[in-house]
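The next block holds one structure in the form of structure tokens; read it before the comments.
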Amino acid sequence: MERIRNFSIIAHVDHGKSTLADRLLEFTGAVSRRELKEQMLDTLEIERERGITIKLQAVKMFYRAKDGNTYTLHLIDTPGHVDFSYEVSRALAACEGAVLLVDATQGIEAQTVANFWKAVEQDLVILPVINKIDLPSAEPDRVKRQIQDVLGLPSEDVLLVSAKEGIGIEEVLEAIVNRIPPPKGDTQKPLKALIFDSYYDQYRGAVAFVRIFDGEIKPGMRIRLFSTGKEFEVVEVGAQTPKMTKLEKLTTGDVGYIAASIKDLRDIKIGDTITDAKNPVESPVPGFRPVKPMVYAGIYPSEGYTYEQLRDALEKYAINDAAIQYEPETSPALGLGFRVGFLGLLHMEIVQERLEREYGVSIITTAPSVVYRVRLKSGEIKEIRNPSDLPENWGIVEAIEEPFVLLTIITPKDFVGNIINLCQEKRGVQQKFLYLDPNTVMLEYHMPLSEIIMDFHDKIKGLSKGYASYDYEFLGFKEEDLVRLNVFINNQPVDALSFIVHREKAYRRARQLVEKLKEVIPRQLFEVKVQAGIGSKVIASERIPPLRANVTAKCYGGDITRKKKLLEKQKEGKKRLKQFGKVELPQEAFLAVLKVE
Ligand code: GTP
């Protein structure tokens with residue numbers, strides 16, 4: 001155990017995490033990710049085509065240090081997006097140290113700070129490393145000062161590297177060996193292992209990546225999962241070197257994988273503890289919490305696809321993704337479909353894209369909505385995952401609460417004014433305003449999550465020419481004055497278009513929404529009336545005039561390329577639309593609510 005080091009690399013996106021990981025692999029003689037990809041390409045082309053991703057969750061390396069000893073290093077990967085911040089915290093819980101990587105040309109960004117605090121929470125030793133020092137625009141001294149002033153890490157501890165050019169790699173390895181402590185624990189105690197990652201393997205079934213805190217685990221052993229009490233027999237244990245390599249056992253301090261003929265990935269919950277069924281531990285590794293989707297959307301088959309096709313696709317998809325939750329729902333407007341819960345917007349995009357690309361169904365997605373909590377006068381609390389589930393009868397409602405986040409933004413000071421305006425517009429309440437250095441400002445806000453999923457990303461990037469970065473974490477639910485906006489097409493309510501909004505913004509959003517719908521709903525042979533209202537009281541209305549014969553005639557004029565384009569566009573439109581009565585609603589109509597302010 002004295003010669004084991006368990007660590008992660010944490011960084012803001014694009015600061016060079018993968019490149020540094022590859023260099024560490026190369027330096028220690030393990031196969032790099034690039035080489036591995038090439039090898040996999042040769043041998044497993046079919047599997048690759050089927051969508052097996054080469055993810056190195058926890059790679060084992062051997063490093064012969066300057067002190068003459070050989071150390072076992074486990075590099076544990078962390079996901080790089082705010083949707084997966086719980087997974088990051090569990091991966092860090094499996095480590096004793098973290099390499100905090102900062103781009104020498106960018107300096108500290110929002111994810112740098114967020115990840116730093118997660119590492120501090122786990123009591124990790126943090127090694128600050130500045131990357132990309134080969135670039136002419138690198139400012140290592142400025143970034144060193146930021147690291148000292150903002151994170152409180154002494155600048156003499158900061159290492160300078162270029163992952164791309166291979167500069168300073170050995171120094172990083174030496175620091176890992178010398179500054180990060182070895183794991184503690186007791187091999188004689190009952191097995192206590194933390195699950196920090198998982199995936200579904202065609203041959204092995206659901207595979208758990210674990211860190212062993214006490215005891216050991218071998219094939220043939222009967223294990224128990226703490227959160228559910230379910231038991232399985234271990235078939236194989238091993239480590240990624242980086243190929244999946246079988247081992248005789250995993251022992252205290254080790255990091256590796258366990259396969260136990262587990263068929264359902266949902267049995268392997270990230271953050272859960274694995275113990276010996278015959279001799280279980282009393283208390284689990286702290287910090288477990290079940291996945292809780294914060295964002296829900298309806299997913300329905302497009303015209304030409306059936307509910308059964310969508311159900312089969314979702315079932316197959318869910319084998320590989322334990323984080324999505326889904327249940328059937330019926331929408332008067334869209335028919336049979338599913339209400340699907342996601343960790344966040346990126347997760348939702350991944351699911352949408354993979355359902356269409358890998359599982360061959362074309363889908364209509366309704367606008368994502370956060371989870372609301374309705375407190376009824378009876379004392380009951382209802383969780384609202386679909387705006388149309390909000391009680392019609394306001395008399396029984398005591399209050400509606402919505403999720404709030406702590407939002408951290410880092411931006412060059414020139415854009416601060418713009419960003420403060422944006423945050424105010426989005427009902428943010430400022431908590432902090434701090435200069436990281438004379439040119440960089442950090443802001444903190446409390447803000448409703450619903451405002452972030454609307455269009456915050458595009459707005460903040462637009463207002464800061466792409467320079468501002470942000471990250472957020474869930475704070476809790478807070479009471480707000482919220483109402484549901486209902487949408488009517490030719491006087492019929494379209495439940496799938498309704499959404500929940502702050503009362504003060506209802507008028508503006510209603511107006512913008514009907515205007516947007518007018519733009520995206522294709523003209524029909526008859527007039528279409530689009531209205532939005534609170535309850536049945538209409539507050540905004542637009543009319544989509546009928547198509548006139550000569551408009552179509554014009555389109556089919558002589559220009560052959562134009563005609564082709566038009567036909568192609570129509571074909572594309574066909575794929576993702578839904579017939580509502582006589583009106584065709586394209587996918588854009590369902591997302592129009594995200595495009596209003
Ligand atoms: P994500 O996987 O998206 O989180 O990014 P990452 O942090 O893993 O960054 P990645 O290693 O993919 O590097 C991002 C970009 O920076 C790539 O184009 C790299 O080639 C480049 N890069 C990484 N390290 C260096 C470096 O030391 N110098 C220079 N000039 N470029 C680098």
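All figures in this text were calculated on a predicted structure; none of them were measured in a lab. Numbers for residues simply follow the sequence, beginning at 1. Atoms within a ligand are numbered from 1 in the order they appear, just like the ligands themselves.
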For atom 2 (O) of ligand 1, what's the nearest protein heavy-atom neighbour? Residue, atom name and distance, please.
S18 OG, 3.4 Å
What do you think, any protein heavy atom under 4.0 angstrom from atom 28 (N) of ligand 1?
yes
Could you list which atoms of ligand 1 come closer than 4.0 Å to a heavy atom of V13?
3 (O), 4 (O)
Going by distance only, is there an N or O of G16 that falls short of 3.5 Å from an N or O of ligand 1?
yes
So, D201 and R204, do they make that salt bridge, N to O below 4.0 Å?
yes
Within ligand 1, which atoms have a heavy atom of H15 less than 4.0 Å away?
7 (O)
Looking only at protein heavy atoms, identify the closest one to atom 24 (N) of ligand 1 and say how far it is in Å.
N131 ND2, 3.1 Å
Kindly indicate whether atom 17 (C) of ligand 1 is approached by any protein heavy atom to under 4.0 angstrom.
no
Under 3.5 Å, N or O to N or O, is A163 touching ligand 1 that way?
yes
Check: H12 side chain, E109 main-chain N or O, donor-acceptor pair, under 3.5 Å:
no
Distance-only side-chain donor-acceptor flag, Y257 / E236, under 3.5 Å
yes
Say whether S162, considering both its backbone and side-chain N or O atoms, lies within less than 3.5 Å of an N or O atom on ligand 1.
yes
Counting only heavy atoms closer than 4.0 Å, does ligand 1 sit against the backbone of L135, its side chain, both, or neither?
side chain
So does R23 pair up with E26, basic N to acidic O under 4.0 Å?
yes
Is it true that K144 and D149 have a side-chain N and a carboxylate O under 4.0 angstrom from each other?
no
Of all the non-hydrogen atoms in the protein, which one sits nearest to atom 23 (C) of ligand 1, and at what distance?
T19 OG1, 3.4 Å
Can we say D77 and K17 salt-bridge, meaning some charged N sits less than 4.0 Å from an Asp/Glu carboxylate O?
yes
Over-ring placement of R211 relative to F213, 6.0 Å and 45° cut-offs
yes
Pair D437, T440: side-chain N/O donor-acceptor within cut-off below 3.5 Å:
yes
Nearest protein heavy-atom contact for atom 22 (N) of ligand 1: which residue, which atom, what distance?
K132 CE, 3.7 Å
Among non-hydrogen protein atoms, atom 6 (P) of ligand 1 lies closest to K17 N, 3.4 Å
